[in-house]
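Below is one structure, written out as structure tokens; comments come after it.
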Amino acid sequence: MSYHVNTHCVQTGYTPKNGEPRVLPIVQSTTYKYESSDQMGRLFDLEEDGYFYSRLQNPTSDAVARKICALEGGHAAMLTSSGQAANFLALFNIVNAGDHVVSSSTIYGGTFNLLDVTMRKMGIDVTFVDPDCSEEELNAAFKPNTKAVFGETLSNPTLVVLDIEKFAKCAHEHGVPLVVDNTFATPINCRPMEFGADIVTHSTTKYMEGHASTVGGAVVDSGNFDWLAHADKFPGLTQPDESYHGLNYAKDRGKDAYILKATAQMMRDLGMTPAPISSFLLNLGLESLALRVERHCANALAVAQALEADERIGWVNYPGLTSSKYHALAQKYMPKGTCGVISFGIKGGRAAATRFMDSLKLAAIVTHVADARTCVLHPASTTHRQMTDEQLAACGVGPDLIRLSVGIEYIDDILADIRQALDVACE
Ligand SMILES: *Cc1c(COP(=O)(O)O)cnc(C)c1O
């Protein structure tokens with residue numbers, strides 16, 4: 001059956017047979033029993049499907065991966081222990097020491113460090129490009145050893161909308177896949193594969209789980225990228241895997257190649273596996289994802305419009321506003337809405353921002369975004385507090401910048417809280 005994403009959120013992934021539990025069971029077992037060592041051997045050789053050890057696969061996690069796969073319209077998917085693990089595995093599955101990645105420069109700070117520091121230590125080079133660059137500038141970033149292109153649908157925290165078709169076109173012209181982190185938009189608002197992305201990743205920690213209770217990630221493969229057509233670039237998928245008696249993922253397993261290798265080889269060796277209970281909690285969150293995202297977006301738009309109309313506010317950045325430079329791209333890629341995160345500045349700079357933050361009653365000051373509760377962060381006095389105003393400006397985080405993650409509370413209460421805090425901050 002082909003369902004709407006809203007139905008997939010509730011129904012897809014786990015289908016009980018007659019007399020089985022209605023709700024996805026937590027299979028809290030590291031291991032699985034078989035009648036013969038012969039059969040176990042065939043599982044280890046990947047000749048037969050079946051569970052054998054929960055570092056690689058677990059029925060609870062697999063059911064949730066199937067749901068996320070359906071939501072993204074992908075071919076196969078896997079869960080990981082965090083969003084960081086998802087982005088690392090998505091790239092490291094196809095990129096080796098000596099290779100190169102082209103990435104949008106406006107990405108989550110943790111992913112920026114992963115690419116710029118840790119993966120460089122592993123011998124993997126990266127070139128960051130301005131996501132608003134021309135096709136010519138993007139093409140110029142490629143090298144003969146480029147193996148992947150990376151970007152975020154809607155960047156955290158700068159809210160830049162990625163021109164997915166531009167990035168996909170350039171990636172494909174150079175014979176490499178486009179990997180897109182779709183954490184902020186979620187498949188409710190945007191399905192990057194429909195615009196040419198080959199692999200989609202998530203920090204499920206944010207809207208997908210939605211309640212700030214569980215860290216997790218996911219990798220979804222479209223099955224569309226033709227590894228064999230670029231066999232020389234991707235030996236890990238197109239040459240025999242000696243650790244599996246010469247299995248050739250792309251030749252022998254077709255569209256399953258990418259996720260099969262990520263599971264059988266990457267997870268086996270790196271073990272970034274989610275706990276079954278984490279997958280269960282993620283699934284509970286996913287059941288209400290469509291409803292929550294709709295409310296997050298409606299509330300955030302109302303808050304962004306109210307802030308924009310308030311003369312005490314210096315600027316508002318929200319791609320859902322018609323004044324946003326990304327409004328047209330947002331309309332194209334996510335016409336139903338963008339996300340619940342807004343950034344803005346109060347006239348009066350760092351001092352007014354601090355007074356505003358300290359006066360909020362409903363919105364909590366936390367280092368998190370994208371969960372059910374409204375929360376705020378003032379980077380200049382927290383995550384970036386060691387920087388001067390000049391250094392802050394250089395990295396695009398002004399001393400006045402407030403990041404507001406609008407929750408799903410009743411809109412009038414959110415607006416009233418912001419108004420009373422502004423009254424105190426600007427009196
Ligand atoms: C939070 C986040 C990550 C990292 O995810 P964790 O689950 O915290 O490891 C990656 N990408 C984006 C866009 C994020 O917002």
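Each ligand, and each atom within it, is numbered from 1 in the order the structure gives. Side chains included, hydrogens not; waters and symmetry mates left out as well; all remaining heavy atoms used. The structure presented is a predicted model; accordingly, all values stated were derived computationally and were not measured.
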Query raised in the report: Can you find a side-chain donor-acceptor pair between Tyr318 and Thr338 that sits under 3.5 Å?
Result: yes
Report task. Would you mind running through ligand 1 and noting each atom that sits below 4.0 Å from a heavy atom of Asn156? Result -> 14 (C), 15 (O)
Query - Which atom of Thr12 lies closest to which atom of Ala70, heavy atoms considered - result: CG2-CB, 3.7 Å
Query - Proximal atoms of ligand 1 relative to Thr183 (non-hydrogen, under 4.0 Å) - result: 12 (C), 13 (C), 15 (O)
Query raised in the report: On the ring face of Tyr108, is Lys206 found with NZ or CZ under 6.0 Å from the centre and within 45° of the axis?
Result: yes
**Report entry** Closest approach of any protein heavy atom to atom 12 (C) of ligand 1, naming residue and atom
**Finding:** Asp181 OD2, 3.5 Å
Requested in this report: For Tyr258 and His75, run ring-ring contact (aromatic ring centres under 6.0 Å, His included): C-alpha distance rounded to whole Å, both residues' side-chain angles, the deciding distance at 0.1 Å, then the answer.
Outcome: CA-CA 10 Å; Tyr258 178 89; His75 172 75; over 10 Å; no
Query - Sub-3.5 Å N/O-N/O distance, Gly83 and ligand 1 - result: yes
Query raised in the report: Judged by modelled atom types alone, do Asp163 and Tyr333 share a side-chain donor-acceptor pair under 3.5 Å?
Result: yes
Query - Atoms of ligand 1, numbered as shown, that sit under 4.0 Å from any heavy atom of Gln84 - result: 4 (C), 5 (O), 6 (P), 9 (O)
Query raised in the report: Does an N or O anywhere in Tyr108 fall below 3.5 Å from an N or O of ligand 1?
Result: no
**Report entry** Atom indices of ligand 1 within 4.0 angstrom of Gly216 heavy atoms, with elements
**Finding:** 7 (O)
Report summary line: One finds that the ligand 1 atoms under 4.0 Å from a non-hydrogen atom of Glu152 are 13 (C)
**Report entry** Taking every non-hydrogen atom, the tightest pair across Asn58 and Val27
**Finding:** ND2-O, 2.9 Å
Report task. Examine the side chains of His100 and Thr146 and answer whether a donor and an acceptor come within less than 3.5 Å of each other. Result -> yes
Report task. Would you mind checking which non-hydrogen protein atom is closest to atom 8 (O) of ligand 1, with the distance to 0.1 Å? Result -> Ser203 OG, 4.1 Å
Query - Distance in Å, Ile402 CD1 paired with Ile365 CD1, rounded so as to fall on 0.5 Å steps - result: 10.0 Å
Requested in this report: Give the single entry among Met208, His368, Lys206 that approaches atom 15 (O) of ligand 1 most closely by any heavy atom.
Outcome: Lys206
Query raised in the report: For ligand 1, which atoms have a heavy atom of Thr205 less than 4.0 angstrom away?
Result: 6 (P), 7 (O)
